[in-house]
Trainee: 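This is the structure I want to talk about, given as structure tokens.
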Amino acid sequence: MNKKANNIRANFIKRFCILAIFILVGTSYSYGQKADKKAAAKANTEARVTGLKYICVHVLELEKTLKLYREILGFKMADAEVLHGPGLEGMLVMKLKANDLEISLSLTAPEFMDQIGPIGNTNHNHFMLKVNDIGPIGDKLKEEGYALENENYARDKYTFFVGPNGEIIGLSAWD
């Protein structure tokens, strides 16, 4: 009978230990999930880049450019418009799409070809990043010494700046 009591006691201890392990593991798993949710919630509220809005290429040779992007790479013409305003007057912008990627091709009006600025002119070669909140990002860029083209970036929801390698980067919070 002593042996049977020892077996019952041993089984009870084993079951108690297994139950205690499940409780501890379950508690720490639940805590880990809460910590992950807090980190995810914090990441979702921080201002950050959420994707690529588009790429803009300044066109020098229209026929070759359209052949490359439309016939060879398979982009489809989505839209085209003529822009107006200082530094933009008469510029033709053609929007080409391939699935969810958009490329804008900008062509300066012939009468303004002699007024084209350096390659760094943001009306031409640049890429535009989507951001979820441009205000804090613009503020951080200014704090770091970057000159923003549009000082009203928070209201207008866009701006451009020159990156450390001379690249023109646009930020857009447009929907």
Trainee: Please report the closest heavy-atom contact between M94 and L66, naming both atoms and the distance.
Mentor: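 That closest heavy-atom pairing would be SD-CD2, 4.3 Å.
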Trainee: Rounded to the nearest 0.5 Å, what separates atom CG in N132 from atom CD in E46?
Mentor: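 Nearest 0.5 Å value for the CG-CD distance: 9.5 Å.
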Trainee: Which distance, rounded to the nearest 0.5 Å, do you find between the CD of E144 and the CG of D139?
Mentor: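 The CG atom of D139 is 12.0 Å from CD of E144, to the nearest 0.5 Å.
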Trainee: Nearest heavy-atom pair of V57 and N125: which atoms, and what distance?
Mentor: CA-OD1, 3.4 Å
Trainee: Between I137 and R48, which heavy-atom pair has the shortest distance, and what is it?
Mentor: CD1-N, 3.6 Å
Trainee: When you compare the side chain of F160 with that of L148, does any pair of heavy atoms fall below 4.5 Å?
Mentor: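 Not in contact.
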Trainee: Step through the shown structure and confirm whether more than 12 heavy atoms of other residues, nucleotides or ligands are within 6.0 Å of CD on E81.
Mentor: yes
Trainee: So, for E149 and T159, which heavy atoms are closest and what is the spacing to 0.1 Å?
Mentor: N-OG1, 3.5 Å
Trainee: When rounded to the nearest 0.5 angstrom, what is the spacing between CD1 in I134 and CG in N150?
Mentor: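 Atom-to-atom, I134:CD1 and N150:CG are 8.0 Å apart.
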Trainee: Does the side chain of I103 reach to within under 4.5 Å of the side chain of F75, using non-hydrogen atoms?
Mentor: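 Sidechains of F75 and I103: in contact.
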Trainee: Could you check Y54 against H126 for ring pair (Phe, Tyr, Trp, His ring centres under 6.0 Å), going step by step and ending with a plain yes or no?
Mentor: CA-CA 9 Å; Y54 66 81; H126 65 275; 5.5 Å; yes
Trainee: Would you call the rings of W174 and Y158 parallel, tilted or perpendicular, where under 30° means parallel and over 60° means perpendicular?
Mentor: tilted
Trainee: Roughly how far apart are I169 CD1 and L141 CG, rounded to 0.5 Å?
Mentor: 8.5 Å
Trainee: To the closest 0.5 Å, what do you measure between NZ (K76) and CZ (R70)?
Mentor: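 Rounded to the nearest 0.5 Å, the NZ-CZ separation comes to 8.0 Å.
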Trainee: Are the side chains of K53 and F127 in contact, using a 4.5 Å heavy-atom criterion?
Mentor: no
Trainee: Does any part of the side chain of I168, heavy atoms only, come nearer than 4.5 Å to the side chain of F161, both counted from C-beta?
Mentor: no
Trainee: Please walk me through it: do E102 and L96 pass side-chain contact (heavy atoms from CB on, under 4.5 Å)?
Mentor: CA-CA 6 Å; E102 181 180 301; L96 305 178; over 6 Å; no
Trainee: Please find the pair of heavy atoms, one from S106 and one from H58, that lie closest to each other, and give the distance.
Mentor: O-CD2, 3.3 Å
Trainee: Roughly how far apart are L101 CG and I55 CD1, rounded to 0.5 Å?
Mentor: 5.5 Å
Trainee: Heavy-atom distance under 4.5 Å between the side chains of Y153 and K142, does that happen here?
Mentor: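 Yes, close enough: below the 4.5 Å cut-off.
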Trainee: With salt bridge (charged side-chain N to carboxylate O under 4.0 Å, His left out) as the criterion, how do K67 and E61 come out once you've worked through the C-alpha distance, each side chain's angles and the decisive distance to 0.1 Å?
Mentor: CA-CA 10 Å; K67 182 174 184 169; E61 295 188 42; over 6 Å; no
Trainee: Nearest heavy-atom pair of G90 and A109: which atoms, and what distance?
Mentor: O-CB, 3.4 Å
